[in-house]
There are 2 protein chains.
Amino acid sequence: MTKPSVLDVARSAGVGASTVSRVLNNHPHISESAKARVLAAVEELGYTPNLSARSLRSGQTGAISVLLPMTGTAFYETLLSAVQAGLEVHDYDLALFPLLGERRFRRFRESGALLYHADALLIVSQSPDQLYAGRLPFNKPVVLLDAHHPHHHSISFDNPAAGRMAAELALSRRLPLVLLDVAEGPGDWPSPAFLERRGGVLETLSRRGVTPIQTLHAHTSPNYGREAAQQLIASGIRPPFFLLALSDDLALGASRQLLEAGWQAGRDYLLLGFDGSLEAAQAGMSSVAQPVSQMGGAAAETLLAALGGGLSTLTQRVFAPSLQERASTAASLVLGSR
Amino acid sequence: MTKPSVLDVARSAGVGASTVSRVLNNHPHISESAKARVLAAVEELGYTPNLSARSLRSGQTGAISVLLPMTGTAFYETLLSAVQAGLEVHDYDLALFPLLGERRFRRFRESGALLYHADALLIVSQSPDQLYAGRLPFNKPVVLLDAHHPHHHSISFDNPAAGRMAAELALSRRLPLVLLDVAEGPGDWPSPAFLERRGGVLETLSRRGVTPIQTLHAHTSPNYGREAAQQLIASGIRPPFFLLALSDDLALGASRQLLEAGWQAGRDYLLLGFDGSLEAAQAGMSSVAQPVSQMGGAAAETLLAALGGGLSTLTQRVFAPSLQERASTAASLVLGSR
DNA sequence: TTGAAAGCGCTACCAG
DNA sequence: CTGGTAGCGCTTTCAA
């Protein structure tokens with residue numbers, strides 16, 4: 001009642017183990033009769049190959065592990081779809097390991113749970129230094145996406161520039177500024193990308209001598225944007241103002257809450273987010289956009305190059321932000337149409 | 001320049017291979033000196049264990065593969081977080097394989113890409129029959145979540161009952177009914193759960209002799225809810241009406257579009273969704289809720305039981321729907337306050 | 001076209 | 001406490 005192996009199949013089919021292997025791997029030059037008998041035996045015994053043994057032999061797994069902070073957002077869906085698309089031509093599969101919360105994160109770091117049976121590792125939105133105190137416990141190709149590091153291949157977005165771009169737009173509207181920042185809790189760091197965005201924003205503000213009249217903090221999920229907006233309303237603020245949120249998700253969450261208070265983006269206050277998401281476009285919200293799919297595609301290319309061994313020098317690609325101006329930052333409000 | 005093995009470490013540390021293994025696996029009764037020399041050698045050579053070999057030896061991988069249709073929604077995030085939480089006590093890791101699109105799906109089915117180096121398989125929101133024409137190419141424990149099948153352990157939601165419950169509420173409001181259904185494209189089936197919901201709705205409607213004045217179809221993503229709503233508006237419909245959407249995501253997407261046309265849920269039209277999402281609650285939208293986290297927890301329990309071998313009989317757990325009534329289905333509209 | 005056998009890297013067993 | 005060794009299941013030589 002133990003799991004059948006190639007040898008069991010071989011015996012049952014009356015052939016050698018190597019013939020079984022050849023049939024299973026579609027080798028040429030196999031007699032029809034042998035093939036038929038092997039397949040019949042496989043069927044009868046319910047044989048399934050042992051992937052660990054196969055990988056041990058071949059030195060390959062056919063999978064690429066992806067370490068990412070979470071999955072429940074359109075951003076990661078788009079990003080990973082693009083990576084996937086670029087990879088499946090070469091028959092690689094993506095295995096996702098969301099770090100969902102501090103607990104899991106700790107396990108990763110401490111117990112050294114080297115769980116990736118994979119040929120390469122894609123680290124998304126995270127710094128390897130943060131993940132692993134010292135050297136990566138992984139001697140296969142590593143590529144960073146939406147993050148960067150001096151010692152690793154990386155595909156990233158110019159978040160400081162994006163932050164500056166956003167701040168410039170905000171300043172140009174000459175309204176009191178409210179900053180919707182990300183929260184830093186114990187064990188719940190925002191991704192480095194957010195910190196860089198914030199850095200770009202603050203740098204520009206301080207250079208112009210401007211201080212936000214209020215800074216709110218929210219965890220990076222659209223639902224938390226609502227909570228922050230509640231705080232804002234509770235603070236007794238009155239429009240008009242310029243709400244600069246560090247992500248589209250946060251901005252959208254906040255705008256929904258503000259709408260319930262009767263304030264509409266582009267009419268009562270101005271609103272700007274980051275990422276250039278589809279939802280931002282649909283909601284008529286301005287955004288500092290990043291080319292998410294392109295970045296995913298670039299990551300796939302880099303992974304393939306690294307796997308092919310043709311990557312002796314460090315590849316570091318940085319994508320530039322672009323501004324998507326829509327109704328939510330309409331300049332008319334500035335002119336005091338209210 | 002080849003990857004170092006235990007033997008290399010052993011030689012470098014001047015000990016035997018088994019001692020290296022013992023140190024690496026924290027066995028007791030190891031002399032401090034041996035331990036120190038092994039660890040030094042590991043560090044120096046940059047040794048990383050080969051997981052395929054380890055799994056081959058032990059017959060275990062420490063991972064559970066999850067096959068799911070997509071990841072970019074709060075629903076799956078919540079569901080999988082719960083599974084994860086129930087599993088990590090036992091040191092299992094979840095490896096996610098989103099089926100993102102038809103192409104990947106085909107690969108799975110045809111090339112028999114048996115990519116899961118795992119101890120068990122969790123199939124989410126999918127029918128094994130749809131995924132694999134015949135028998136599952138996997139002889140380890142299999143559990144279905146948000147799906148069911150006569151031959152497999154399963155944790156599911158009573159979608160037909162949920163559909164009936166939704167239809168009953170809708171009928172009680174005595175308004176023209178618009179149904180926001182899911183689309184079925186080539187290679188893009190909605191999950192079985194949606195089909196069952198629809199079945200429950202239609203069954204109740206036909207029993208009462210009611211026909212929707214319009215049925216819209218959208219892919220299962222919030223963004224598509226907007227498109228459907230555009231069609232609805234374009235059709236020249238006038239409030240009041242009752243919009244019954246097969247998911248909260250769809251409902252929310254539609255409501256945002258309708259709001260731009262000046263129609264507000266609960267005031268101009270009534271709106272009901274499914275799933276009991278946090279966003280629905282925040283938006284004051286009624287929903288036929290399912291206990292997502294509980295279901296995830298139950299899946300974890302079932303997986304653990306199956307892995308422990310203590311699951312001789314088939315486990316099939318079905319969770320019941322509960323109605324969350326909020327402002328979006330306020331009965332006042334029925335009374336003609338308009 | 002086929003079979004026998006070596007060996008991938010690791011851990012468990014058995015001596016010492 | 002430690003080292004030698006067998007063997008997990010598979011694929012790939014090498015000979016036939």
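All figures in this text were calculated on a predicted structure; none of them were measured in a lab.
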For B:Asn50 and C:dC8, is the shortest distance between a side-chain N/O and OP1 or OP2 below 4.0 Å? no
Can a side-chain donor-acceptor contact be found between A:Tyr76 and A:Ser125 if the only test is distance below 3.5 angstrom? yes
The answer to which of B:Val15 and B:Ala53 contacts DNA chain D further toward the 5' end, by nearest nucleotide, is B:Val15
Could you tell me how far apart A:Lys3 (NZ) and D:dC10 (P) are, to the nearest whole angstrom? 6 Å
For A:Leu7 and C:dT2, give me the distance from atom CG to atom P, rounded to whole Å. 17 Å
Quick check on D:dT11: is either OP1 or OP2 less than 4.0 Å from any side-chain nitrogen or oxygen of A:Arg22? no
For A:His27, is the NE2 atom crowded, meaning more than 12 foreign heavy atoms sit under 6.0 Å from it? yes
Is there a side-chain polar atom (N or O) of B:Ser5 under 4.0 Å from OP1 or OP2 of C:dG9? no
Verify the contact: side-chain N or O of B:Ser31 to OP1 or OP2 of D:dT2, cut-off strictly under 4.0 Å; return yes or no. yes
Heavy atoms, side chains only, cut-off 4.5 Å: are B:Leu80 and A:Thr71 in contact? no
What is the distance, rounded to the nearest whole Å, between atom CD of B:Gln60 and atom P of C:dG9? 22 Å
When we call it a touch if two heavy atoms are under 4.0 Å apart, what does B:Ser18 touch: a base, just sugar-phosphate, or nothing? base
Whole angstrom value for the distance that separates C1' of D:dC8 from CG of A:Asp8: 13 Å
Let's test your reading of the model: under 3.5 Å, does the base of C:dG9 pair with the side chain of A:Arg57 as donor and acceptor? no
Close side-chain approach of A:Leu121 to A:Lys140, heavy-atom, < 4.5 Å: no
What's the closest nucleotide to the B:His27 side chain, out of C:dA12, C:dT1, D:dT2? C:dA12
Per A:Thr19 side chain, nearest of listed nucleotides C:dC10, C:dT2, D:dG3: C:dT2
For the side chain of B:Leu56, counting heavy atoms from C-beta on, which of C:dT11, D:dC8, D:dT13 is nearest? D:dC8
Using whole Å, what does the distance between atom P of nucleotide D:dC10 and atom CG of A:Asn25 come to? 11 Å
For the residue pair A:His149 and A:His152, does the interplanar ring angle fall in the parallel (under 30°), tilted (30 to 60°) or perpendicular (over 60°) class? tilted
Which part of the nucleic acid does B:Ile30 contact within heavy-atom distance under 4.0 Å: base, sugar-phosphate only, or nothing? sugar-phosphate
Atom CG of B:Leu51 and atom C1' of C:dG9 are separated, to the nearest Å, by 11 Å
To the nearest angstrom, how far is B:Arg54 atom CZ from C:dC8 atom P? 18 Å
Report which part of the nucleic acid A:Ala10 touches: base, sugar-phosphate, or nothing (heavy-atom distance under 4.0 Å, all strands). nothing
